[in-house]
2 protein chains.
Amino acid sequence: MSAAGTGQVAANGILERTVEAIRTHGGRVTPSRLAVIAAIVDSEGHVSAEEIFERIQASSPDIHLSTVYRTLEALEKLGVVEHVHLGHGRAIYHLEENLHQHLVCESCGTIIEAPHDLTERLEMELEARLGFFTRAHHFSIIGLCRECHRREQGGGSTSPD
Amino acid sequence: MSAAGTGQVAANGILERTVEAIRTHGGRVTPSRLAVIAAIVDSEGHVSAEEIFERIQASSPDIHLSTVYRTLEALEKLGVVEHVHLGHGRAIYHLEENLHQHLVCESCGTIIEAPHDLTERLEMELEARLGFFTRAHHFSIIGLCRECHRREQGGGSTSPD
DNA sequence: ATCCCTGCAAAATATTTGCACTGAT
DNA sequence: ATCAGTGCAAATATTTTGCAGGGAT
């Protein structure tokens with residue numbers, strides 16, 4: 001898909017709103033930032049800083065990894081993206097708009113997106129009983145997907161993570 | 001009744017069972033391992049590898065940090081401890097027995113232990129509807145504790161994690 | 001012209017690993 | 001006597017930061 005510019009879909013509105021948000025906050029709209037935002041919007045999923053970096057490299061080889069990190073930090077401060085730690089290693093970034101829970105299989109690494117209604121009740125209870133306000137979009141649940149669960153039942157010691 | 005004449009508390013059973021588990025698996029019971037196990041049992045909470053290391057330093061200054069990591073890895077393989085990633089930075093370790101959910105405040109870092117019953121229903125639903133088996137003890141929920149939530153409501157800086 | 005953003009390198013943080021030696025069994 | 005475990009140093013992996021120059025406004 002050609003991104004930035006033609007058949008604008010809903011997603012592209014994000015790019016425009018982001019650009020405006022940057023300006024509103026006295027920031028500067030640079031090629032690097034546009035590239036990072038485009039990469040995230042384009043991926044429409046969960047991408048690590050390094051994955052974003054790699055995507056960008058194809059078209060803009062001079063954008064440095066540290067710039068990606070700094071841009072992500074800036075975007076997070078603007079509320080455009082949010083990062084989540086999915087266990088070991090890298091954090092992944094996704095659009096703040098894209099509200100959902102991440103279920104991470106600790107065996108194969110698969111990420112399942114659970115509909116929000118599944119966790120809504122839990123969130124309300126946590127709030128009512130413990131005064132804890134869940135940041136839904138920053139909340140990942142670790143466990144085993146169907147296949148890995150079956151495999152481990154059968155008995156084999158895997159245990160990565 | 002059970003325990004031999006010494007004033008054994010429930011927690012001490014863990015140490016003994018662990019020692020036995022190590023032997024059963026052809027491992028060796030060394031001062032380093034005993035120290036690490038003792039430190040975890042003693043802390044009865046959430047400790048990072050480095051915190052365990054520091055606790056041990058007092059009495060056994062020659063135990064190296066890498067030994068702590070390797071011991072923790074071994075203990076995890078034996079099913080004695082489990083580690084959880086609570087967001088940025090360090091992982092924390094706790095006894096496998098000590099089953100509970102960790103609620104982590106992303107602002108102040110406070111860890112709240114939620115009773116298991118709160119999340120039981122969610123776990124059942126995830127299993128029934130998505131075929132996802134939550135590893136309860138490896139599951140942390142990120143959000144804001146009461147105080148930080150109120151403070152952020154009042155307006156102010158965004159922040160850490 | 002300002003000063004935010006960037007490239008680059010080096011630091012910081014967290015964890016792992018190669019190697020030779022020591023100690024538990 | 002064996003070989004798992006350890007100390008130590010160096011390597012990894014991920015993210016952050018200091019500095020000086022460049023580009024957006």
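In what follows, chains carry the letters A, B, and so on, assigned in the order in which the sequence lines appear, proteins first and then strands, with residues in each chain numbered from 1.
The side chain of A:Ser66 places no N or O atom within less than 4.0 Å of a non-bridging phosphate oxygen (OP1 or OP2) of C:dT6. Distances shown here put every side-chain N or O of A:Arg28 at or beyond 4.0 Å from the OP1 or OP2 atom of C:dC3. Checking the phosphate oxygens (OP1, OP2) of C:dT16, no side-chain nitrogen or oxygen of B:Tyr69 falls inside 4.0 Å.
Between A:Ile22 and A:Ile37 there is a side-chain heavy-atom pair separated by less than 4.5 Å. Contact annotation: the side chain of B:Ile40 never approaches that of B:Thr18 to less than 4.5 Å [non-hydrogen atoms, C-beta and beyond].
Here the straight-line distance linking atom OG of B:Ser43 with atom NE2 of B:His94 works out to 10.5 Å at 0.5 Å rounding. To the nearest 0.5 angstrom, A:Leu75 atom CG is 14.0 Å from A:Arg70 atom CZ. A:Arg129 CZ to A:Met124 CE: the interatomic distance, rounded to the nearest 0.5 Å, is 13.0 Å. Atom OG1 of B:Thr134 is separated from atom CD of B:Glu125 by 11.0 Å, given to the nearest 0.5 angstrom.
Among the atoms of the strands shown, only primed sugar atoms or phosphate atoms (P, OP1, OP2) are found under 4.0 Å from some heavy atom of A:Pro31.
Along DNA chain D, the nucleotide nearest to A:Gly27 and the one nearest to B:Ile63 differ in position, and the one closer to the 5' end is contacted by B:Ile63. Residues A:Ser32 and B:Arg23 each lie close to DNA chain C; by heavy-atom proximity, the contact nearer the 5' end of the strand is made by A:Ser32. Residue B:Gly26 is the one, among B:Thr67 and B:Gly26, whose nearest nucleotide of DNA chain D lies closer to the 5' end (criterion: closest heavy atom).
Atom CD in B:Glu50 sits about 10 Å away from atom P in C:dT13, given to the nearest Å. Rounded to whole angstrom, the span from the NE2 atom of A:His64 across to the C1' atom of D:dC19 amounts to 14 Å. Rounded to an integer number of Å, the gap from CG of A:Leu72 to P of C:dT6 is 11 Å. Atom-to-atom, CZ of A:Arg33 to C1' of C:dG7 comes out at 15 Å; the value is rounded to the nearest Å. A straight line from NE2 of B:His25 to P of D:dG5 spans 12 Å, rounded to a whole angstrom. Atom CG of A:Leu65 is separated from atom C1' of D:dT15 by 8 Å (rounded to the nearest Å).
A parallel orientation is assigned to the rings of B:His149 and A:Phe133, their planes being inclined by less than 30° (bins at 30° and 60°).
Comparing atom distances between the B:Thr71 side chain and each of C:dT15, C:dC5, D:dT6 picks out D:dT6 as nearest. Of the listed nucleotides (C:dT15, C:dC8, D:dT25), D:dT25 has the atom at the smallest distance from the side chain of A:Val29.
The bend of the helix from C:dA1-D:dT25 to C:dT25-D:dA1, defined by the angle between the axes of its first five and last five pairs, stands at 30° to the nearest 10°.
On a pure distance criterion of 3.5 Å, a polar donor-acceptor pair joins the side chain of A:Arg70 and the base of D:dG18.
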